[in-house]
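Input: a single structure, listed below in structure tokens.
Quantities reported herein were computed from a predicted structural model and do not represent experimental measurements. Values below: every heavy atom of this structure, side chains too, minus hydrogens, waters and symmetry copies.
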Amino acid sequence: MILAGAILALNGSTEPAIAGPATTSPAASGESTPTTTRLPETTAPGSTSTTVASTTTAVATTTTTTAAPTETVQEFVELYAAAIANGDADFVLSRLHPQVVEQLSIDVCQSWVATEIMALSDYEMAGEPTEPQNRDFSIAGSPVRIDNVSSVPVSFTFGGQSFDSTADFALLDGVIYWLGTCE
């Protein structure tokens, strides 16, 4: 850090004068270390001398960056179930895994979500998710590898009947997506 700047009043003048550089570094412990720089006294014949001291304090700072937390399967299933219960087809469709939509089409998936998925009720996890693993699927007859897939026992009601099933969810960039067939 360079300390500079002092006002010397010579013959009543307030013209700025710059002191020579002085340096200081923060203490290794992170504590503040005050530093005082004193300008040398300068006196012209028949004039008055004024000395101005400049004090600065160096403070060590620390910046901490925390990555956004990763969504859990349980958190997602709660959001998914709430979206179905509230008729939020846009949320449900937006969280269909992008590779599923890419292999089929947004129109086919949108129609399937509107007629099949939004007709579900009482959707909930009925057990714990498996550990994430990379899995191969066949989507529209094409082999597709999807990473970080967890399978979860679920229960729901469709057409007035209760069902127990297994659902697949995949973590992608810290966000959980669901896997479906878009029939």
Side-chain angles (χ1 to χ4, degrees), residues 1-2 24-33 56-183:
M1 179 180 295
I2 296 179
T24 184
S25 60
S29 67
E31 296 177 8
S32 299
T33 305
T56 189
T57 303
V59 178
T61 59
T62 303
T63 302
T64 304
T65 303
T66 305
T70 298
E71 184 175 48
T72 67
V73 172
Q74 183 171 351
E75 290 168 336
F76 172 73
V77 170
E78 290 170 4
L79 293 171
Y80 181 79
I84 291 170
N86 293 320
D88 189 355
D90 290 338
F91 174 81
V92 173
L93 184 62
S94 74
R95 297 297 286 275
L96 180 58
H97 198 282
Q99 285 181 277
V100 172
V101 175
E102 183 180 302
Q103 289 296 315
L104 297 164
S105 80
I106 190 66
D107 294 334
V108 169
C109 291
Q110 188 172 27
S111 175
W112 181 67
V113 164
T115 58
E116 300 284 327
I117 302 303
M118 298 311 292
L120 302 178
S121 62
D122 305 318
Y123 194 95
E124 63 185 9
M125 286 177 52
E128 294 298 313
T130 61
E131 289 296 316
Q133 56 185 317
N134 301 337
R135 295 205 8 223
D136 294 315
F137 291 89
S138 177
I139 302 175
S142 298
V144 177
R145 172 158 299 263
I146 299 180
D147 296 336
N148 301 310
V149 176
S150 293
S151 296
V152 181
V154 295
S155 63
F156 55 89
T157 302
F158 180 75
Q161 280 190 289
S162 295
F163 292 90
D164 293 319
S165 188
T166 301
D168 293 315
F169 302 93
L171 180 65
L172 177 65
D173 298 328
V175 176
I176 299 290
Y177 292 87
W178 63 284
L179 300 166
T181 57
C182 295
E183 297 178 43

Are more than 12 heavy atoms, taken from residues, nucleotides or ligands other than E75, located less than 6.0 Å from that residue's CD atom?
yes
Scan residues 154-170 for pairs that pass side chain to side chain donor-acceptor pair (under 3.5 Å), counting only residues two or more places apart or in two chains.
D122-T157, R135-D168, S151-D168
If every non-hydrogen atom of T130 is compared with every non-hydrogen atom of S150, which pair is closest and at what distance?
O-OG, 3.0 Å
Please report the interatomic distance CG(L104) to CD(Q110), rounded to the nearest 0.5 Å.
13.5 Å
Sequence neighbours excluded, every pair satisfying disulfide bond (SG atoms under 2.5 Å apart) that has a member inside residues 112-165:
none
Which residue pairs pass the disulfide bond (SG atoms under 2.5 Å apart) test with at least one member in residues 77-181, sequence neighbours excluded?
C109-C182
Donor-acceptor list for residues 139-148 side chains, cut-off 3.5 Å, not counting sequence neighbours:
{"residue": "R145", "atom": "NE", "partner": "D136", "partner atom": "OD1", "Å": "3.4"}
{"residue": "R145", "atom": "NH1", "partner": "N134", "partner atom": "O", "Å": "3.4"}

What side chain to side chain donor-acceptor pair (under 3.5 Å) pairs are there with at least one residue in residues 84-101, not counting sequence neighbours?
E71-R95
So L171 and V73, side-chain contact (heavy atoms from CB on, under 4.5 Å) or not? Walk me through it.
CA-CA 8 Å; L171 180 65; V73 172; over 6 Å; no
Looking at every heavy atom in both W112 and G180, which two are closest together, and how far apart are they?
CH2-CA, 3.9 Å
With rounding to the nearest 0.5 angstrom, report the OG1 to CG distance, T70 to L172.
11.5 Å
Stepwise side-chain contact (heavy atoms from CB on, under 4.5 Å) test for E124 and V77
CA-CA 7 Å; E124 63 185 9; V77 170; 5.6 Å; no
Donor + acceptor pair across side chains of T181, E183 (<3.5 Å)
yes
Applying ring pair (Phe, Tyr, Trp, His ring centres under 6.0 Å), name anything that partners Y80, two or more places apart in sequence or on another chain.
F76, Y123, W178
Quick one, F137 and V149 - any side-chain contact, counting heavy atoms below 4.5 Å?
yes
